[in-house]
Amino acid sequence: QVQLVESGGGLVQAGGSLRLSCAASGRINYLMGWYRQALGKQRELVARLATGGSTSYADSVKDRFTISRDNAKNTVYLQMNSLKPEDTALYYCSAFTLPRQSWGQGTQVTVSS
């Protein structure tokens with residue numbers, strides 16, 4: 001239903017920052033989320049942004065990550081600060097569209113110690 005393209009991943013040192021972007025094919029009229037999946041582990045919800053602007057975060061990233069959007073650019077962001085090696089994962093953007101959830105391709109984030 002919605003095409004999503006993530007960008008902004010890369011290799012950074014612990015304590016550094018990255019901003020991930022999720023470009024959508026149209027207006028963001030859906031609940032949006034950022035997920036991550038580390039090698040050999042299940043995918044987990046990292047942050048969520050409702051249409052009304054409310055946000056929620058996993059305890060592991062709370063106070064370090066911020067989800068936001070730019071409606072003029074149809075883009076959702078994930079600002080990642082104070083990165084830790086355990087943040088290393090493939091990060092996915094998702095939209096809660098009907099009848100099925102939409103997903104981007106993912107962008108790799110690797111944090112070195």
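No experiment lies behind these values; they were computed from the predicted model shown. Along the sequence shown, residues are numbered consecutively beginning with 1.
Between M32 and C22, the shortest heavy-atom contact is CE-SG, 4.4 Å. Scanning all heavy atoms of the two residues, the minimum distance from T55 to I67 falls at CG2-CG2, 3.7 Å. Between V2 and A24, the closest heavy-atom pair is CG1-CB, 4.2 Å. Shortest non-hydrogen contact noted between S113 and P85 is CB-CG, 4.0 Å. In terms of heavy-atom proximity, S17 sits nearest to Q79 at CB-NE2, 4.0 Å. The two residues A89 and Q108 come nearest to each other via the heavy atoms O-NE2, 3.4 Å.
In this structure, the separation between CG on L4 and OG on S25 is 7.0 Å, given to the nearest 0.5 Å. For the atom pair CD of E44 and CZ of R36, the computed distance is 4.5 Å after rounding to the nearest 0.5 Å. Here CG of L18 is found 9.0 Å from CG of L11. Values are rounded to the nearest 0.5 Å. In this structure, S94 OG and R43 CZ are separated by 8.0 Å, a value rounded to the nearest 0.5 Å. Rounded to the nearest 0.5 angstrom, D63 CG and Y57 OH are separated by 9.5 Å. Note that CZ of R69 and OG1 of T51 are 6.5 Å apart. Values are rounded to the nearest 0.5 Å.
Under the 3.5 Å distance criterion, with hydrogens and angles disregarded, no donor-acceptor pair is assigned to the side chains of T75 and S21.
Between R64 and M80 the shortest side-chain heavy-atom distance does not fall below 4.5 Å. By the 4.5 Å heavy-atom criterion applied to side chains, Y35 and L45 are counted as neighbours. Annotation: side chain of W103 is not in contact with side chain of C93 (no heavy-atom distance under 4.5 Å). Residues V111 and Q13 fail the side-chain proximity criterion, which asks for heavy atoms closer than 4.5 Å.
Sorted by first and then second residue, the ring pair (Phe, Tyr, Trp, His ring centres under 6.0 Å) pairs involving residues 63-96 (not counting sequence neighbours) form an empty list.
Of the possible polar contacts, none joining the Q105 side chain to the E6 backbone as a donor-acceptor pair under 3.5 Å is found.
Screening L39, V12, V109, T110 for a side chain to side chain contact (heavy atoms under 4.5 Å, CB included) involving T88 leaves a single residue, T110.
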